[in-house]
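Labels below follow one simple rule: chain letters A, B, ... track the order of the sequence lines, proteins then strands, and each chain is numbered from 1. Note that this is a predicted model, so its numbers are computed, not measured.
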Amino acid sequence: MPGYNHAAIEKKWQALWASHKVFTTNIHDHARPKYYVLDMFPYPSGQGLHVGHPEGYTATDIIARYKRANGFNVMHPMGWDAFGLPAEQYAIKNNVHPRETTAKNINRFREQLQAIGFSYDWSREVDTTDPRYYRWTQWIFLKLYDTWFDESQQKGRPIRELVEEFKTGQRPIPQIGNRQSAMGNWDSLSPTEQRQLLAHYRLAYEAEVPVNWCPGLGTVLANEEVIDGKSEVGGFPVERRPMKQWMLRITAYAQRLLAGLHKLDWSDSLKEMQRNWIGRSEGAEVTFKLSVVSGQWSELTVFTTRPDTLFGATYMVIAPEHSLANSPAPEQAAEVRKYQKYAASRSDRERQEDTSKTGAFTGLYAINPVNNKQIPIWVSDYVLMGYGTGAIMAVPAHDQRDHEFATKFNLPIIQVVAPRGNAGPGGASPEDHALEEEGIAINSPWIDGLPTPEAKKKITAILEEKNIGKKTINYKLRDWLFSRQRYWGEPFPIVHLADGTNVALSESELPVKLPELEDFKPTGTIDPPLSKAKDWVNVRVDVKDLGGDYVAHLDTSGGGGQPARRELNTMPQWAGSCWYYLRYLDPSDEDNFVAPTIEKYWMGNGVDLYVGGVEHAVLHLLYSRFWHKVLFDRGLVSSDEPFRKLVNQGLILGEDGQKMSKSRGNVINPDDVIAHYGADSLRMFEMFMGPLDQVKPWSTAGVEGVYRFLQRVWRNLFDENDAPKMRPETPPDILRGLHRLIKKAGEDIERLSFNTAIAAMMEFNNLVAKSEGIAAPEAITFLRVLEPFAPHFAEEAYHRIAGAAAKTSISQLPWPSYDAALLIDATVEIPVQVNGKLRSRVSVPNDADEATAVAAALADAEVQKFLAGKEPRKKIFVKGRMVNLVV
RNA sequence: GCCGGAGUGGCGGAAUGGCAGACGCGAUGGACUCAAAAUCCAUUGUCCUCACGGGCGUGUGGGUUCGACUCCCUCCUCCGGCACCA
């Protein structure tokens with residue numbers, strides 16, 4: 001059957017691209033400019049591809065093809081983020097090894113992606129579950145373990161440099177825990193003590209902290225993985241409980257992560273999400289003395305962003321978990337104890353749903369350092385242990401929460417900020433002043449009359465001078481909980497010694513392979529599944545002192561070394577995705593995670609374009625930036641930020657405008673679309689739907705629309721026997737239209753405006769349809785412009801027209817350039833406005849000057865009618881655009 | 001509550017201070033056909049008008065400008081994120 005037949009051509013060209021290695025990247029060709037265009041690699045789920053995947057992937061594929069055509073050396077890889085919970089849960093349910101399901105899913109995903117004709121260089125495919133890959137994930141973990149953050153330099157440095165500073169006395173050795181050894185001398189510390197000390201500095205460390213334990217999943221989760229008190233995966237309730245876990249000190253990089261954002265070409269909303277998550281607040285720490293010493297406590301330090309309201313602090317509140325709450329006044333002890341129990345019993349979810357204030361008086365008092373007033377100390381769960389110091393000064397006149405609490409428990413309220421311009425006695429009325437607004441300080445002897453910003457500065461300076469407070473910056477960002485009680489993840493390259501400390505395995509011991517387990521189910525306790533690998537857990541190691549830090553080598557000779565236990569937790573899914581964009585550059589390199597010369601060329605200014613879902617805003621995208629900065633500090637990568645430009649593709653909704661879901665029955669399967677309309681129609685429609693970053697509904701009629709467009713193009717180029725029907729010469733108006741298209745399509749692709757680029761192609765094709773047709777060279781030029789969008793179609797049509805003269809692939813033709821002279825019409829019709837309203841149009845030469853254009857306008861009958869004989873008092877002329885006459 | 005984004009025909013959307021609604025979908029009428037599908041042609045913001053033509057029109061109200069979908073302010077609605085973070 002003649003006509004455009006997608007089924008007949010797509011597989012054919014896909015096979016040719018693969019066999020001729022048309023899209024293979026030469027990583028060593030550094031003479032040309034590079035372009036790195038990256039997709040967020042998929043988690044190969046059992047469901048296969050959904051229509052959201054090809055959206056972003058088509059966008060990047062268009063860019064990759066366009067950039068290649070423009071002479072760039074393009075990196076466009078794909079891989080698999082294949083560790084993770086769903087694979088493991090599926091495996092448990094169906095009693096198959098996750099390795100098997102993962103392999104199966106990967107094969108399915110690869111087939112589906114290849115059926116869409118993406119121009120990936122499949123020779124650089126990575127799989128995070130492959131030991132050849134995760135060997136380097138573990139290697140980077142060792143770098144984190146071997147790095148400490150130097151606050152003064154704001155930089156991660158090797159641990160041995162820290163030890164050096166301790167040894168030389170350049171940095172005093174702090175008191176850690178209840179250590180009794182002599183202070184100030186590194187060599188007098190025992191190896192155990194040395195390791196304990198260093199653990200306080202490493203970017204990867206173990207700590208006993210309250211964590212998000214999810215009984216439903218049998219694992220702990222990072223803060224970023226908990227949404228409204230439930231697990232992001234599966235939606236199971238999450239509870240807080242203290243557990244010893246691996247943490248990554250991402251908080252050390254809070255300021256760098258924040259500061260780096262401004263230079264990134266990311267959407268404002270995404271940057272704002274990261275800013276909010278990092279949550280920087282400037283303020284002051286203020287120390288209040290207790291009126292009576294209680295337990296170990298003689299004073300209480302709070303953090304406030306409003307030190308200017310100190311004179312209005314009428315009470316203090318500590319979190320229920322604050323250790324001062326364990327030493328209340330004896331007569332209040334029972335009540336405080338009871339409240340602590342109550343607070344501990346409330347889940348995060350309950351606390352979020354019910355924010356009414358509860359609390360108990362400790363019976364203790366503090367002295368407000370600015371006015372020496374004695375104020376009561378309360379316990380309440382509206383103060384969080386995890387932020388600031390876990391204690392606040394309450395200023396009920398100017399804080400909504402404190403106000404609610406004070407009202408409920410009858411605590412005094414003193415106004416210390418007056419609305420701006422309304423200061424002074426009698427002038428201030430609290431009712432017309434929103435609680436947390438800025439204004440003018442009142443009732444505050446040190447700062448009366450000052451506007452809030454100045455008041456903050458001044459009182460902070462006074463506090464510092466009097467040694468009762470200091471300027472402080474606080475972040476909401478918490479350290480990253482990095483261990484999971486799962487089987488299907490990267491093992492940690494760490495062993496635990498009998499003294500309770502841990503030691504890194506030597507790099508030469510990598511990869512630490514996941515042990516083969518028949519039974520990899522969760523244990524039902526907090527013990528990770530790897531605890532079932534009895535033969536694997538217990539090892540003997542030789543611990544080497546490298547002049548400060550230690551590494552362990554497995555002793556397999558038997559009998560030697562000291563006994564040790566392997567770390568049994570595994571890394572979270574994010575570990576593998578933190579750095580995959582680096583491994584793509586040379587995935588077969590067995591000596592480096594990436595060789596420096598390769599890294600420098602491809603990543604010197606970061607990934608040029610990264611497209612993916614917004615769901616990773618504070619997860620992958622934050623974690624990755626953190627790792628990259630550490631690698632940068634350690635001299636292992638050459639840029640400070642990994643992803644220079646990032647775009648989030650918008651969600652594709654079902655045809656009914658609702659989110660696609662099985663239960664709604666509105667899910668569109670890309671396989672069906674390809675079977676029916678072909679991969680090119682799928683690609684084109686997903687790009688034609690609307691702006692890439694916008695949420696938009698699917699439309700089957702819309703797919704048919706682009707399918708019809710391709711049919712029309714075919715009929716413009718081929719006769720009823722599919723033979724080319726080329727004219728000997730392309731008419732001038734078609735030629736002009738073609739050059740307009742080249743210009744517009746190029747500009748639109750550059751700004752990722754694919755829908756308008758397609759519209760321009762449709763317009764051009766309509767023009768051809770209305771005319772006598774087009775000659776072969778111009779037809780090929782048009783197909784070249786179409787190729788990034790509909791590569792199979794363009795390839796087939798190109799080969800039919802070019803015949804024996806054709807290159808292997810149309811993608812090897814350079815991007816056409818346009819002739820600017822052709823874009824200009826000799827005469828242009830410009831609008832004429834009278835008093836800003838469009839009244840007529842006149843034809844003038846395209847280069848007409850003001851006098852000519854205005855004269856033409858004035859001569860126009862329609863214009864004269866509206867001028868009504870009056871002489872315009874103002875004439876506005878925009879060359880080649882318009883004339884406006886004002887009377 | 002706070003932060004970010006967006007409001008344009010029946011629908012998806014276009015227009016980077018200069019002719020609002022490109023392109024596509026849908027709809028209506030017509031051609032082809034025994035008929036249908038496919039295809040092709042025409043019309044398609046709205047109101048007034050037989051028509052020529054004109055009025056109105058980009059969520060609301062104001063402002064800047066010769067000129068505003070576009071810039072500024074007010075309010076409304078929707079979407080997304082965060083949320084007792086002191």
Side-chain angles (χ1 to χ4, degrees), chain A residues 3 227-228 267-277 279-281 283 302-306 309 317 319 351-352 354-357 380-384 386-395 398-402 404-405 436 474-478 614-615 617-618 648 650-651 657 684-685 688-691 693-706 708-709 711-712 715 744 747 751 753 755-766 769-770 829-841 862 872-878 880-887:
Chain A
I227 315 274
D228 290 337
S267 71
D268 288 337
S269 66
L270 194 74
K271 287 202 250 187
E272 203 55 27
M273 273 190 228
Q274 290 216 344
R275 279 192 199 106
N276 289 340
W277 191 261
R280 179 190 157 107
S281 305
V302 300
F303 173 73
T304 176
T305 54
R306 292 295 299 271
T309 62
V317 186
R351 292 185 44 228
Q352 275 167 25
D354 175 17
T355 58
S356 64
K357 300 293 172 285
S380 174
D381 67 357
Y382 84 89
V383 173
L384 310 174
Y387 184 77
T389 61
I392 62 156
M393 64 176 207
V395 185
H398 305 290
D399 182 283
Q400 185 67 44
R401 298 150 300 183
D402 296 345
E404 284 169 26
F405 192 86
E436 279 150 54
N474 246 309
Y475 297 92
K476 281 196 237 173
L477 187 68
R478 300 274 71 98
V614 72
E615 65 273 18
V618 293
N648 292 123
L651 193 68
M684 288 211 98
F685 174 64
F688 189 58
M689 293 169 85
D693 56 5
Q694 204 161 298
V695 178
K696 42 209 179 272
W698 186 265
S699 159
T700 300
V703 186
E704 267 163 27
V706 294
R708 278 203 290 263
F709 162 67
Q711 301 278 19
R712 276 198 293 268
R715 285 197 301 272
K744 177 150 179 64
E747 287 169 355
R751 62 189 178 102
S753 181
N755 55 333
T756 55
I758 292 171
M761 289 183 236
M762 289 173 168
E763 263 180 282
F764 175 75
N765 190 54
N766 291 343
K770 282 196 177 74
E829 194 172 70
I830 61 167
V832 180
Q833 298 178 348
V834 178
N835 289 334
K837 273 186 193 285
L838 176 73
R839 293 305 181 185
S840 186
R841 296 179 178 86
E862 212 37 53
R873 58 186 167 82
K874 198 163 181 182
K875 299 158 191 162
I876 287 110
F877 170 71
V878 182
R881 300 300 301 224
M882 51 80 67
V883 170
N884 186 11
L885 304 171
V886 186
V887 286

Rounded distance in Å between the [atom1] positions of [N] and [M]:
N	M	atom1	result
rA38(B)	rA6(B)	C1'	40 Å
rU70(B)	rU8(B)	P	13 Å
rU64(B)	rC72(B)	P	15 Å
rG21(B)	rG57(B)	P	16 Å
rA14(B)	rA22(B)	P	13 Å
rC69(B)	rA20(B)	C1'	7 Å
rU28(B)	rG67(B)	P	43 Å
rC2(B)	rU74(B)	P	13 Å

Scan [X] against the nucleic acid and name what it touches under 4.0 Å (heavy atoms): base, sugar-phosphate only, or nothing.
X	answer
V706(A)	nothing
S281(A)	sugar-phosphate
R873(A)	nothing
E862(A)	sugar-phosphate
K476(A)	base
G279(A)	nothing
T304(A)	sugar-phosphate
D354(A)	base

Please name the nucleotide paired to [N] by Watson-Crick or G-U wobble geometry with both distances under 3.5 Å, or report none.
N	value
rC82(B)	rG1(B)
rA31(B)	rU39(B)
rG57(B)	none
rA14(B)	none
rU44(B)	rG26(B)
rA51(B)	none

For [N], does either OP1 or OP2 sit under 4.0 Å from a side-chain N or O belonging to [X]?
X	N	value
S267(A)	rG4(B)	no
Q400(A)	rC84(B)	no
K696(A)	rG12(B)	no

Distance from [X] atom [atom1] to [Y] atom [atom2], nearest 0.5 Å?
X	Y	atom1	atom2	result
T304(A)	M393(A)	OG1	CE	4.0 Å
N765(A)	I758(A)	CG	CD1	13.0 Å
R306(A)	D399(A)	CZ	CG	9.5 Å
N884(A)	N835(A)	CG	CG	7.5 Å

| Roughly, in whole Å, what's the span from CG in D381(A) to P in rC84(B)? |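 For the pair D381(A) CG and rC84(B) P, the rounded distance is 11 Å.
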| task | Flag the pair K744(A) and E747(A) as a salt bridge only when some basic side-chain nitrogen lies within less than 4.0 angstrom of an acidic carboxylate oxygen. | result |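 Looking at E747(A) together with K744(A), the answer is no, because their closest N to O distance does not fall below 4.0 Å.
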| said: Just confirming the chi classification of rG61(B), syn or anti, using 90° around 0 as the syn window. | reply: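 Chi for rG61(B) falls in the anti range.
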| message | Both R306(A) and L270(A) contact RNA chain B. Which one's nearest nucleotide lies toward the 5' end? | response |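 This one resolves to L270(A).
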| query | Does some side-chain heavy atom of K357(A) sit less than 4.5 Å from a side-chain heavy atom of V317(A)? | reply |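 Answer no - side chains too far apart.
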| K696(A) side-chain N/O to P691(A) backbone N/O, donor-acceptor pair under 3.5 Å |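 Side chain of K696(A) to backbone of P691(A): a pair is present.
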| field | Proximal nucleotide (of rC3(B), rA86(B), rA15(B)) relative to the N276(A) side chain | value |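 Per side-chain heavy atoms of N276(A), the pick is rC3(B).
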| message | Please pick, from rA14(B), rC84(B), rG81(B), the nucleotide with the shortest atom-to-atom distance to any side-chain atom of M273(A). | response |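 The nucleotide sitting nearest to the side chain is rG81(B).
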| rC66(B) base to K875(A) side chain: any donor-acceptor pair below 3.5 Å? |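 By the distance-only test, no, there is no pair.
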| message | If I compare all heavy atoms of T756(A) with all of R751(A), which pair ends up nearest, and what's the gap? | response |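 Closest approach of T756(A) to R751(A), heavy atoms only: OG1-NH2, 4.0 Å.
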| Can you name the nearest heavy-atom pair linking F709(A) to M761(A), along with the distance? |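 Minimum heavy-atom separation between F709(A) and M761(A): CE1-O, 3.8 Å.
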Extract from the structure each pairing of a protein N or O with an N or O of nucleotides 18-23 of chain B at less than 3.5 Å, listing the distance.
residue, atom, partner, partner atom, Å
rG18(B), N2, Q833(A), OE1, 3.4
rC19(B), O2, R841(A), NE, 2.6
rC19(B), O2, R841(A), NH2, 2.6
rA22(B), O2', E763(A), OE1, 3.2
rA22(B), O2', E763(A), OE2, 3.4

Under 3.5 Å, which protein N or O atoms sit close to an N or O of nucleotides 39-41 of chain B? Give each pair with its distance.
residue, atom, partner, partner atom, Å
rU39(B), O3', R715(A), NH2, 3.1
rC40(B), OP1, R715(A), NH2, 3.3

| said: Parallel, tilted or perpendicular: which one describes the rings of Y382(A) and F405(A), with boundaries at 30° and 60°? | reply: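 Because their plane-to-plane angle lies in the 30° to 60° range, the rings of Y382(A) and F405(A) count as tilted.
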